[in-house]
Amino acid sequence: MLDILYIFTQDPGPHRFVDIQQRLSLSPNTLAERLKDLVAAGLLTRTVYNEIPPRVDYEATAKAHELAPVFDTLNAWATRNDLKPQAPVIHAVG
């Protein structure tokens, strides 16, 4: 869910299902379920166009855009901290 919201908070404007799917490499069923939940939570809007082939756009709501500073903070933290896998630290007791 956070990956989806990140796309919308960092790249404003409508996004199509296929574009989101390609960016995140999610299965269609997984993405559809997550988008449905985000729409139900009031974080995204869903607009269906009466076209052939069918077209559906998703767009962030004001509520979702309020999350942008949270993502900025997480990105800044990740930049300051090395998230590469490291050998585990083992402490001997006794």
_Approximate separation, where rounding is to 0.5 Å, of Ile7 CD1 and Leu2 CG_ = 11.5 Å
*Looking only at heavy atoms, what is the nearest atom pair of Gln10 and Ala68, with distance?*
NE2-O, 4.3 Å
*Would you say the side chain of Leu5 lies within less than 4.5 Å of the side chain of Phe71, judging by non-hydrogen atoms?*
yes
*If every non-hydrogen atom of Leu43 is compared with every non-hydrogen atom of Ala64, which pair is closest and at what distance?*
O-CB, 3.1 Å
*Out of curiosity, Ile4 CD1 to Gln21 CD, how far, rounded to the nearest 0.5 Å?*
11.0 Å
*Measure the CZ-CD1 distance between Phe8 and Ile20 for me, rounded to the nearest 0.5 Å.*
3.5 Å
*For the pair Asn81 (side chain) and Trp77 (backbone), establish whether a donor and an acceptor sit closer than 3.5 Å, ignoring hydrogens and angles.*
yes
*asked:* How long is the straight-line distance from CD of Glu33 back to NZ of Lys36, given to the nearest 0.5 Å?
replied: 5.5 Å
*If two hydrophobic side chains count as joined below 4.5 Å and joins carry through other members, does Leu31 share a cluster with Val48?*
yes
*Is it possible for you to say whether Leu44 and Val18 belong to one hydrophobic cluster, with membership spreading through side-chain heavy-atom contacts below 4.5 Å?*
no
*asked:* To the nearest 0.5 Å, what is the distance between OG1 on Thr79 and CG on Leu74?
replied: 10.5 Å
_Closest non-hydrogen atom pair between Pro12 and His65, with its separation_ = CB-CE1, 4.3 Å
*Distance in Å, Arg55 CZ paired with Thr47 OG1, rounded so as to fall on 0.5 Å steps*: 9.0 Å
*asked:* Could you check whether any side-chain heavy atom of Tyr6 comes within less than 4.5 Å of a side-chain heavy atom of Leu24, counting everything from C-beta outward?
replied: no
*Can you say whether the rings of Tyr58 and Phe17 are parallel (under 30°), tilted (30 to 60°) or perpendicular (over 60°)?*
tilted
_NZ/NE/NH1/NH2 to OD/OE distance under 4.0 Å, Asp3 and Arg34_ = no
